[in-house]
Every structure is written in C-alpha cells, then in structure tokens.
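The next block holds one structure in the form of structure tokens; read it before the comments.
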Amino acid sequence: QVQLVDSGGGLVQAGGSLRLSCAASGRTFSSGVMAWFRQAPGKEREFVARIAWSVGLTYYADFVKGRFTIFRDNAKNTVYLQMSSLKPEDTAVYYCAAGATSRYPFEYDYWGQGTQVTVSS
C-alpha cells in the first residue's frame with residue numbers, strides 16, 4: 001500500500017511563491033513517476049507537472065512553464081512543487097499522484113489528500 005501526504009498550501013498574494021511537498025511511504029519509487037495535478041472549483045482535475053523518480057526528467061503543462069519547478073529528494077521519498085509568480089488563476093486544490101508517465105489523472109494509481117492553494121489579487 002502506498003500513502004502520499006500533500007502539504008504546503010496556503011494563502012498568498014499574486015506574484016508570491018509557495019512550495020508544496022508530497023511525502024511518499026509504503027514503497028519505493030525507483031522506477032515510477034510522480035506528478036502534481038490541480039482542481040479548481042467547478043473544473044476538471046488538470047495536469048501540472050511530473051517527474052521520473054529515477055532519472056529526474058521533468059515535464060510541465062504549458063501554463064506553468066517558467067513559473068513552477070518540480071523536483072524530488074530521493075532520500076526523503078518526497079516530491080516538491082516550487083511555485084513562483086503565482087496568479088489568481090492558480091487557485092486550486094493541488095494533488096500529488098504516483099503512477100504512469102501520463103498527463104491523465106485516470107492513469108495514476110495513488111493520490112494525496114490535496115492541499116489548498118489560494119492566490120489573492
């Protein structure tokens with residue numbers, strides 16, 4: 001069984017920064033993919049970024065390129081999402097997930113509980 005625990009969300013002004021964390025336990029992810037998704041009220045869950053655990057290759061949604069960075073700490077089994085230049089439209093619940101190399105939520109097997117990010121204008 002895998003457990004993912006998201007944390008780090010909060011309220012920030014537009015232009016500010018936040019760092020989200022996702023601590024994984026229950027198994028190792030030496031060959032897997034970790035990702036961040038987000039879901040705003042009334043909208044579908046959307047892909048934000050992913051990282052291949054073993055080699056660190058990353059991939060981003062166009063709307064976060066240059067603003068968000070995903071990275072991992074293998075020793076801590078933790079994945080991070082560093083968010084900068086935040087915009088009000090980044091407001092959402094952010095979820096980490098573990099699964100396949102994909103941008104589609106249904107291809108991810110494990111999910112964190114979500115952490116709320118609110119960006120005020």
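Position 1 is the first residue of the sequence, and the numbers go up from there.
The two atoms that bring Pro88 and Ser121 nearest to each other are CG-CB, 3.8 Å, heavy atoms only. Taking each heavy atom of Ser85 and Ser17 in turn, the nearest pair found is N-OG, 4.4 Å.
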field: Ser120 and Gln13: CA distance, side-chain angles, deciding distance, side-chain hydrogen bond (donor to acceptor under 3.5 Å, both in side chains) verdict
entry: CA-CA 5 Å; Ser120 63; Gln13 289 187 331; 5.0 Å; no
- prompt: Could you walk me through whether Val5 and Gln113 pass the side-chain contact (heavy atoms from CB on, under 4.5 Å) check?
  reply: CA-CA 6 Å; Val5 178; Gln113 80 284 3; 4.2 Å; yes
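A distance of 9.5 Å separates OG1 of Thr58 from CZ of Arg50, quoted to the nearest 0.5 Å. Note that the CH2 atom of Trp111 and the CZ atom of Arg45 stand 5.0 Å from one another [nearest 0.5 Å]. Leu18 CG to Gln82 CD: the interatomic distance, rounded to the nearest 0.5 Å, is 8.5 Å. Taking OG1 of Thr69 as the reference point, atom CD1 of Ile51 lies at 10.0 Å (rounded to 0.5 Å). Between Ser25 atom OG and Gln3 atom CD the span is 4.0 Å, to the nearest 0.5 Å.
Checked against side-chain hydrogen bond (donor to acceptor under 3.5 Å, both in side chains), Arg38 has the following partners two or more places apart in sequence or in another chain: Glu46, Asp90, Tyr94. Residues satisfying the ring pair (Phe, Tyr, Trp, His ring centres under 6.0 Å) criterion with Phe63, sequence neighbours excluded, are absent altogether. With sequence neighbours left out, the side-chain contact (heavy atoms from CB on, under 4.5 Å) criterion links Ala23 to Thr78. Annotation: side-chain contact (heavy atoms from CB on, under 4.5 Å) contacts of Ser7 (sequence neighbours excluded): Ser21. For the ring pair (Phe, Tyr, Trp, His ring centres under 6.0 Å) test, no residue two or more places apart in sequence or in another chain qualifies with Tyr60. Taking the side-chain hydrogen bond (donor to acceptor under 3.5 Å, both in side chains) definition, one finds that Lys65 meets it with Asp62, sequence neighbours left out. Taking the side-chain hydrogen bond (donor to acceptor under 3.5 Å, both in side chains) definition, one finds that Tyr104 meets it with nothing, sequence neighbours left out. In terms of the ring pair (Phe, Tyr, Trp, His ring centres under 6.0 Å) criterion, residue partners of Tyr108 (sequence neighbours excluded) are, by chain and number, Phe37. With sequence neighbours excluded, the residues forming a side-chain hydrogen bond (donor to acceptor under 3.5 Å, both in side chains) with Ser102 are Glu107, listed by chain and number.
Taking 4.5 Å as the limit, every side-chain heavy atom of Val93 sits out of range of all side-chain heavy atoms of Thr115. Side-chain contact check for Ile70 versus Met34: every heavy-atom pair is 4.5 Å or farther apart. Taking 4.5 Å as the limit, some side-chain heavy atom of Val117 sits within range of a side-chain heavy atom of Leu20. The shortest distance between side-chain heavy atoms of Asn74 and Trp53 falls below 4.5 Å.
There is no path of hydrophobic side-chain contacts, each under 4.5 Å, that joins Tyr80 to Val33. One hydrophobic cluster, built from ILVMFWY side chains closer than 4.5 Å, holds both Val119 and Val48. Under the 4.5 Å side-chain heavy-atom criterion for ILVMFWY residues, a single connected hydrophobic cluster contains both Leu4 and Trp36.
Contacts classified as salt bridge (Lys or Arg N to Asp or Glu O under 4.0 Å) and involving residues 70-89 (residues at least two apart or in different chains) are not found. Contacts classified as salt bridge (Lys or Arg N to Asp or Glu O under 4.0 Å) and involving residues 3-12 (residues at least two apart or in different chains) are not found. The list of disulfide bond (SG atoms under 2.5 Å apart) pairs with a residue in residues 38-121, not counting sequence neighbours, reads Cys22-Cys96.
Checked by atom type and distance alone, the side chain of Thr118 never pairs as donor or acceptor with a backbone atom of Leu11 at under 3.5 Å.
Taking the centre and axis of the six-membered ring of Tyr59, the NZ or CZ atom of Arg103 falls outside the cone set by 45° and 6.0 Å.
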